[in-house]
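Down below is the structure, laid out as structure tokens.
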Amino acid sequence: MKGQAVYPAAAALLAVAAASPSKTSFLLLVVYLLLLFIRRPHCFLPSLAAAALFFVYFLIVDHHNQTSLSGGRHSLSIRFSAAPAIDGDRLQAAVQAGKERVQLRYTIRTVAEKEALRAHLMPGTVCRVSGTLERPMPASDPYAFDYRRYLYRHRIHWLFLAEEIDLSACVRVRPTIVERLEAIREAGVRRIEARFPPEAAGIAAALIYGERRSLDEAVLDGYQRLGLIHLLAISGGHVTLLVGAAFAAAIRFVTREAAVLALLALLPMYAVLAGASPSVLRACATGMIVLAVQWKKGTIHPLDALSWTALALLVFDPYMVWDVGFQLSFIVTFVLLVHFPVSVSVRSPLGRLFQTALAAQLAALPVLLYHFYEVSVWSVGLNVFFVPWYSFVILPLAFLSAVFPFSPLIWLFSRLIELTDAVVHFFSADHPFMLVLGRPGPWCLAGYLAAVMAAFLDWERGRALRGLAAVTAAMALQLVVPYIDPKGEVTVLDVGQGDCIYIELPYRKAVYLIDTGGTPERAQESWRRRSRRFAVGRDVVMPFLKAQGVRTIDKLILTHDDADHIGAAPEVLEAVKVKEIVTSPRALPRVQKMARPFPVPVKAAVRGEQWKKGGVLFSVLHPEEGNIEDNNGSLVLLVRLGGLTWLFAADIEEEAEQALIRAYPMLRVDVLKVAHHGSKTSTTEPFLQAVKPRAAVISVGRYNRYGHPSPEVLMRLKRQRVIVWRTDESGAIRYVYDENGGTFQVMKP
């Protein structure tokens, strides 16, 4: 029967995910096969065979994904298969070093060197380079991007930190076909960057070549937040448009069979020219399958074409199943194909567009929440407008402007892009309406899948509102879960050289954030500035808060006004509702100024102040009234959570520690947040002997320039037999507790 290939294809996808390994995927695979055995017995054996075959296939591929290199200093002959990415003073590229690939990194020294490297390092260039092989860092915070895992899934095991790239030690060798295509692609992107204004060049390069390096970060973020990012990805619509146009032109000169054969040969080349992302590979592979069947004068069901494409891509690279683009591309395409009879039954073109956009949003919802933790309420409505706008106006005009780069065409394209970007900015930044739900857990994810399937079944039966109610109920359930969860937590985030501590009380009675960390601003020459610099707030704190489903912070406690403690506060204030800011007397003026754009009350707290929430008492032990010192004027908190007494000592030094001992001679703690990142001016012997901590947490940056934590401090803690956790070694330190106690967890054991 036509359309039946989807069942073994789905089993193969789940089997690869289960072998990765993933307990959730394994459970889904078992349930799926059981349902097939009951409801589709004729599909059970092919699906079971596909699952077993791809499960074993992934294990074999994964077993051979190993490195033969070792760490340390090496001199390697490296080959550039694609032009390196140059952003500011950083050069990066995945290069071939013998039989395996490594990720090259190099810091450019001068403007002249930057231009020389950009001009000479083309696909097919081989260089002899000395440098250090270093393991990529794994994720050090919950929900953070795991760079080591990302590179591993691209069969890369090492970072190669080059000391120098001497172009005199580089030669051009005969490029492969793929390298020739990559060179053509790079030349095309550079041509667009040279001819188009900056605001239009990024969109044109993304639509034609699948290259987003020229896109403004704020624009890209806006498309992402509004669920419009698929418009900037080359996918089925692009390929259908190009294949249709090329076929219509070709049959005027050659036979239909010859035109089909030519397109079969050209589509793999186009896939490389378009960046070979999962969505491009899916679209091109599906197009090739359809064309091949037509060449044999046969027909193929769209679902079968999609299914054979999925199986082919899994054979090509089974790790692709974990790519977000792969997941969204196949899930949304599958749902739109299945839902097509319902959509075409709607007479109004606007109604069909709305139904298509709504169906795509429902299909993508579980994936979007798992990876991005939020959805935009504007998404469906904006897709109704933007899909035809891009399909019939922006995309054709982008190709015309690139092929015929006349000034009037480029001017028109640029003006339309400015208008489009203004609309995106209005809805994503000026008037965002985001539902932050957090990352769904396994059972919640299963609930979403069941609700979405029920919604489509009801929709087909003419009960669309009932189906939407099921999805709404699943979202409401996820919103409620934190408020019925008896567990609380304390998480010391790894924000590098800084402090950021998240406290959540059981049943989410309150959420507090002590400091936010911060990325220090450094004066740089303009050519060194990168388009997307690492920012603690955007890249660490906000993903964590969103993944937790935090929409409101009851108190943002800023212990003092050093940049490594409050630098990311504006990003937090902009993204999350904060009920109140509490800070130290010295920091009050600066914090008030920082908080002025946001309607948040700010107050200074001093010794003796307390508040109680959910049966938990928070006490301010320092500073005393009138203290306007810097580190020694930091705000110090004492609280009992999960059966342990915690002292959050901010950046106080010896003088403040002595003041604490004098004011609270009976002070004893179980867990000490070590002051000032382990500076030798803090955590003195008398202080440790007085408070007698059993465990200590040091929030400190890896390879920081201050030499923190001080060996003297570590020795003092060791003499007191204190268990020590450090964020530079262990990543984030998490304490999950309930009324019976709790357990400590670290990101990097």
Side-chain angles (χ1 to χ4, degrees), residues 492-503 512-523 535-538 540-542 545 553-576 578-609 618 620-638 647-657 659-660 673-679 681-683 698-701 704-706 708 727:
V492 181
L493 290 171
D494 179 11
V495 291
Q497 188 69 8
D499 273 11
C500 184
I501 303 159
Y502 173 83
I503 299 175
Y512 303 122
L513 195 67
I514 302 176
D515 292 327
T516 63
T519 308
E521 292 290 335
R522 295 175 185 169
V536 165
R538 180 193 62 216
V540 177
V541 182
M542 289 317 305
L545 293 176
I553 294 175
D554 294 276
K555 289 184 190 293
L556 176 57
I557 302 163
L558 302 177
T559 59
H560 61 304
D561 60 359
D562 282 358
D564 60 338
H565 289 253
I566 70 166
E571 295 167 82
V572 173
L573 289 165
E574 190 172 354
V576 180
V578 175
K579 291 184 178 179
E580 182 183 29
I581 298 176
V582 179
T583 189
S584 62
R586 174 191 166 91
L588 184 61
R590 183 177 175 185
V591 172
Q592 285 176 326
K593 182 179 179 181
M594 180 187 65
R596 200 165 291 148
F598 312 98
V600 183
V602 182
K603 62 165 286 189
V606 294
R607 178 183 296 165
E609 294 189 28
F618 291 79
V620 179
L621 303 190
H622 192 77
E624 67 274 25
E625 189 84 44
N627 186 332
I628 56 170
E629 295 183 63
D630 185 10
N631 289 340
N632 278 324
S634 300
L635 196 149
V636 176
L637 280 179
L638 182 75
L647 183 68
F648 300 100
D651 271 7
I652 61 171
E653 297 176 334
E654 183 176 5
E655 182 183 335
E657 290 178 351
L660 274 177
K673 199 294 294 183
V674 171
H676 206 187
H677 322 294
S679 166
T681 58
S682 307
T683 321
I698 307 176
S699 183
V700 62
N704 67 86
R705 57 178 175 165
Y706 308 103
H708 294 161
T727 58

Quiz item: Nearest heavy-atom pair of K673 and A650: which atoms, and what distance?
Solution: NZ-O, 3.0 Å
Quiz item: Who pairs with F618 by ring-ring contact (aromatic ring centres under 6.0 Å, His included), at least two apart in sequence or on another chain?
Solution: Y512, W611
Quiz prompt | Interatomic spacing from CG in L558 to OG in S634 - rounded to 0.5 Å | solution = 11.5 Å
Practice problem: Could you list the residues that satisfy side chain to side chain donor-acceptor pair (under 3.5 Å) with E655, not counting sequence neighbours? | Solution: none
Practice problem: Could you tell me the separation between the CD atom of E629 and the CD1 atom of I652, rounded to the nearest 0.5 Å? | Solution: 11.5 Å
Quiz item: Which pair of heavy atoms, one from A535 and one from T519, lies closest together, and at what distance?
Solution: CA-OG1, 3.4 Å
Self-check item: Close side-chain approach of T516 and L556, heavy atoms under 4.5 Å
Solution: yes
Quiz item: Where do D564 and H677 land on the side chain to side chain donor-acceptor pair (under 3.5 Å) test, with the steps shown first?
Solution: CA-CA 11 Å; D564 60 338; H677 322 294; 3.0 Å; yes
Practice problem: Output the distance between atom OG (S679) and atom CG (D651), rounded to the nearest 0.5 Å. | Solution: 8.5 Å
Self-check item: Within 6.0 angstrom of E574 CD, more than 12 heavy atoms from elsewhere
Solution: no
Quiz item: How far does CG of D561 sit from CG of D630, to the nearest 0.5 angstrom?
Solution: 6.0 Å
Quiz prompt | Heavy-atom closest contact (P601 atom, P599 atom, distance) | solution = CD-O, 4.1 Å
Quiz item: Taking only residues two or more places apart in sequence, or in another chain, which ones meet N632 in a side chain to side chain donor-acceptor pair (under 3.5 Å)?
Solution: none
Practice problem: Please lay out, stage by stage, how T559 and D515 fare under the test side chain to side chain donor-acceptor pair (under 3.5 Å). | Solution: CA-CA 6 Å; T559 59; D515 292 327; 2.8 Å; yes
Exercise. First locate atom OG of S699, then atom CG of D494, and finally report the distance between them rounded to the nearest 0.5 Å.
Key: 7.0 Å
Quiz item: Taking the side chain as C-beta and beyond, is there a heavy-atom pair between L647 and L621 under 4.5 Å?
Solution: yes
Quiz item: Can you check whether Y502 reaches L545 side chain to side chain, under 4.5 Å on heavy atoms?
Solution: yes
Practice problem: Could you pull out all residues at least two apart from H622 that satisfy ring-ring contact (aromatic ring centres under 6.0 Å, His included)? | Solution: none
Quiz item: Any idea which heavy atoms bring I698 and G678 closest together, and the distance?
Solution: CG2-N, 4.1 Å
Quiz item: Taking the side chain as C-beta and beyond, is there a heavy-atom pair between V578 and F598 under 4.5 Å?
Solution: no
Quiz item: Who pairs with E653 by side chain to side chain donor-acceptor pair (under 3.5 Å), at least two apart in sequence or on another chain?
Solution: N631, H676, T681
Exercise. For side chain to side chain contact (heavy atoms under 4.5 Å, CB included), just list the numbers for H560 and L635, CA-CA rounded to whole Å, side-chain angles, deciding distance to a tenth of an Å, and then say yes or no.
Key: CA-CA 7 Å; H560 61 304; L635 196 149; over 6 Å; no
Exercise. Taking the side chain as every heavy atom from C-beta outward, state whether V636 and R607 have any pair of such atoms under 4.5 Å apart.
Key: no
Quiz item: Do the non-hydrogen side-chain atoms of R590 and I566 ever get within less than 4.5 Å of each other?
Solution: yes
Quiz prompt | Non-hydrogen atoms of P623 and A605 that approach each other most closely | solution = CD-O, 4.0 Å
Quiz prompt | Straight-line distance of D499 CG to I557 CD1, nearest 0.5 Å | solution = 12.5 Å
Quiz item: Do V700 and Q497 come close enough that some side-chain heavy atom pair is under 4.5 Å?
Solution: yes
Quiz item: Under the side-chain hydrogen bond (donor to acceptor under 3.5 Å, both in side chains) rule, what pairs show up with a residue in residues 578-587, not counting sequence neighbours?
Solution: D554-K579, K555-E580
Quiz item: Does E657 reach the main-chain N or O of T683 with its side chain, forming a donor-acceptor pair under 3.5 Å?
Solution: yes
